[in-house]
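This report refers to the structure that appears directly beneath it.
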There are 2 protein chains.
Amino acid sequence: MRLTKQRKLILHILQHTVAHPTATEIYDEVRKKLPNISLGTVYRNLDVLSRQGYVRKIDTCGDQNRFDGVTDDHLHIICTSCGKVRDVEGEIDVCADNIANLASGFKVTGFRFEVLGACQDCQNTF
Amino acid sequence: MRLTKQRKLILHILQHTVAHPTATEIYDEVRKKLPNISLGTVYRNLDVLSRQGYVRKIDTCGDQNRFDGVTDDHLHIICTSCGKVRDVEGEIDVCADNIANLASGFKVTGFRFEVLGACQDCQNTF
DNA sequence: CTATCTGCAAAACATTTGCTGAGCA
DNA sequence: TGCTCAGCAAATGTTTTGCAGATAG
């Protein structure tokens, strides 16, 4: 994997924000320094970077995907109104040890656990 | 909410399958009996029916959404390779009582917990 | 040098929407 | 009869892709 200036900048942005931005938000941010970058390049790099484990893709509820520069295991809370994502502080126990036996035929590879809610902005607006 | 023949048929299909079909799969099935139905009508009805609580929308990982005629609380396992969804048999405890305190600013409204895995077909193919 | 990457533009894909006429209640 | 709904087609928004030229290693 080559370290082009486009790729480096996208990675840098993701590692220096807590905002879990969308591809287009990253695109807007990158263009401040590289005005000629194309949205396709952003998507291609986000794909490569998440495939290689440098960033993480967050599948929000039907909205645009979001991306996270922090790849450690941690929980997200997703605003079901605007799609904004925030890290959940502290720890949560998700006990689901017995799943392996319950899904015959399937090979269980992991879980997806997300907290849903309404962010401050959306609580005030509606 | 009116009970048109289109709406009744879509609901009937969802209540008599375990396949968790996508909108287009439902469309193909409905067309066997109502060949002139449009895909837009299927989407509009799935939206109305899930809004009214008659069916449930399943947000799979980045693929087409799927729909479930069973609205009782139960868990799904999603194949990360082909997007197929299956019900998880039995019970799983997800203990996450302490979340409310951990998401300051957000109003917690619920959780999303899904099991990820590889279905039989995809295990054999790859 | 050369394989990978970029920019551009078009395509792909799921989903939504505006409009007009049809049909449930 | 009135108001919701259907069919059709076009629009939307996100993401992917083909291609020809640029560039990292």
Side-chain angles (χ1 to χ4, degrees), chain A residues 1-14 20-52 54-68 78-85, chain B residues 1-14 19-52 54-68 78 80-85:
Chain A
M1 191 181 77
R2 280 192 201 165
L3 277 181
T4 62
K5 55 180 187 294
Q6 293 86 345
R7 191 162 290 169
K8 266 188 280 188
L9 185 51
I10 290 170
L11 186 56
H12 183 267
I13 287 171
L14 276 172
H20 310 87
T22 63
T24 46
E25 285 167 355
I26 294 167
Y27 174 60
D28 289 339
E29 190 62 30
V30 175
R31 278 212 291 181
K32 292 178 185 168
K33 295 210 170 150
L34 299 175
N36 295 319
I37 197 174
S38 79
L39 186 54
T41 298
V42 173
Y43 271 104
R44 255 186 296 232
N45 276 316
L46 288 171
D47 185 55
V48 170
L49 289 170
S50 64
R51 225 176 261 284
Q52 302 288 328
Y54 292 104
V55 305
R56 211 166 261 200
K57 193 186 218 173
I58 307 169
D59 168 50
T60 60
C61 306
D63 287 311
Q64 244 181 309
N65 289 322
R66 290 176 173 273
F67 295 86
D68 194 341
I78 303 174
C79 176
T80 51
S81 174
C82 70
K84 228 172 281 162
V85 171
Chain B
M1 190 182 77
R2 280 192 199 162
L3 277 180
T4 60
K5 57 180 186 294
Q6 292 87 345
R7 193 162 289 170
K8 264 188 280 189
L9 184 50
I10 290 170
L11 186 56
H12 183 268
I13 287 171
L14 276 172
H20 310 86
T22 63
T24 45
E25 285 167 357
I26 294 167
Y27 174 59
D28 290 339
E29 190 62 31
V30 174
R31 277 211 291 181
K32 292 178 185 169
K33 293 210 169 149
L34 299 174
N36 294 319
I37 196 173
S38 79
L39 185 54
T41 297
V42 173
Y43 271 105
R44 252 188 294 237
N45 277 316
L46 288 171
D47 184 55
V48 170
L49 289 170
S50 63
R51 226 175 261 284
Q52 302 289 329
Y54 291 104
V55 305
R56 211 167 262 201
K57 192 187 219 174
I58 307 169
D59 169 50
T60 61
C61 308
D63 287 310
Q64 246 181 305
N65 289 321
R66 289 176 174 274
F67 294 86
D68 194 342
I78 302 175
T80 51
S81 173
C82 70
K84 229 173 280 162
V85 171

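Below, chain A is the first sequence line, B the second, and so on; all start at residue 1.
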*Taking atom C1' of D/dA9 as reference, at what distance in whole Å does atom CZ of B/R44 sit?*
11 Å
*Take A/F67 and B/V48, find for each the nucleotide of DNA chain D with the closest heavy atom, and name the residue whose nucleotide sits nearer the 5' end.*
B/V48
*Find which nucleotide of DNA chain D each of B/K5 and B/G40 is nearest to by heavy atoms, and output the residue with the more 5' nucleotide.*
B/K5
*Is a donor on one side and an acceptor on the other found under 3.5 Å between the side chain of A/H20 and the backbone of A/D68?*
no
*Distance in angstrom units between A/L39 CG and D/dT12 C1', rounded*: 15 Å
*Rounded to the nearest 0.5 Å, what's the gap from CG on A/L14 to CZ on A/F67? Could you check?*
8.0 Å
*Under 4.0 angstrom between B/T4 side-chain N/O and D/dC5 OP1 or OP2*: no
*Rounded to whole angstroms, how far apart are CG on B/N36 and P on D/dA6?*
14 Å
*Hey, what do you get for CG (A/N45) to CG (A/L9), rounding to the nearest 0.5 Å?*
10.0 Å
*Where the side chain of B/M1 is concerned, which of D/dC19, D/dC5, D/dA6 is the nearest nucleotide?*
D/dC5
*May I ask you to verify if any side-chain N or O of B/S38 is less than 4.0 angstrom from the OP1 or OP2 atom of D/dC8?*
no
*Name the nucleic acid region contacted by B/D47, choosing base, sugar-phosphate or nothing; use a 4.0 angstrom heavy-atom cut-off, strictly under.*
nothing
*For B/L34 and D/dA6, what is the distance between atoms CG and P respectively, to the nearest whole Å?*
10 Å
*Whole angstrom value for the distance that separates C1' of D/dC5 from NZ of B/K8*: 14 Å
*Got a donor-acceptor contact below 3.5 angstrom from the A/R66 side chain to the A/G83 backbone?*
yes
*Residue-phosphate contact under 4.0 Å: A/Y43 side-chain N/O, D/dT16 OP1/OP2*: no
*Atom pair CG (B/D59) and CD (B/Q64), whose distance is rounded to the nearest 0.5 Å*: 12.5 Å
*From B/T24 atom OG1 to B/R31 atom CZ, the distance as rounded to the nearest 0.5 Å*: 10.5 Å
*Would you say A/E29's side chain and A/I26's backbone share a donor-acceptor pair under 3.5 angstrom?*
no
*When rounded to the nearest 0.5 angstrom, what distance separates CG in B/L46 from CZ in B/R7?*
10.5 Å
*Would you say A/Q6 reaches D/dT23's phosphate, i.e. side-chain N/O to OP1/OP2 under 4.0 Å?*
no
*A/Q64 side chain N/O closer than 4.0 Å to the phosphate oxygens (OP1, OP2) of D/dT15?*
yes
*Quick one: which of D/dG25, D/dC5, D/dG7 gets closest to the side chain of B/R2?*
D/dC5
*How many Å lie between CD1 on B/I37 and P on D/dC5, as a whole number?*
14 Å
*Extract, from 5' to 3' on DNA chain C, the first and final nucleotides lying under 4.0 angstrom from some heavy atom of chain B.*
C/dA14 to C/dA25
*Calculate the interatomic distance between A/L46 atom CG and D/dT15 atom C1'; express it in whole Å.*
11 Å
*Rounding to a whole Å, what distance do you find between A/N65:CG and D/dT15:C1'?*
9 Å
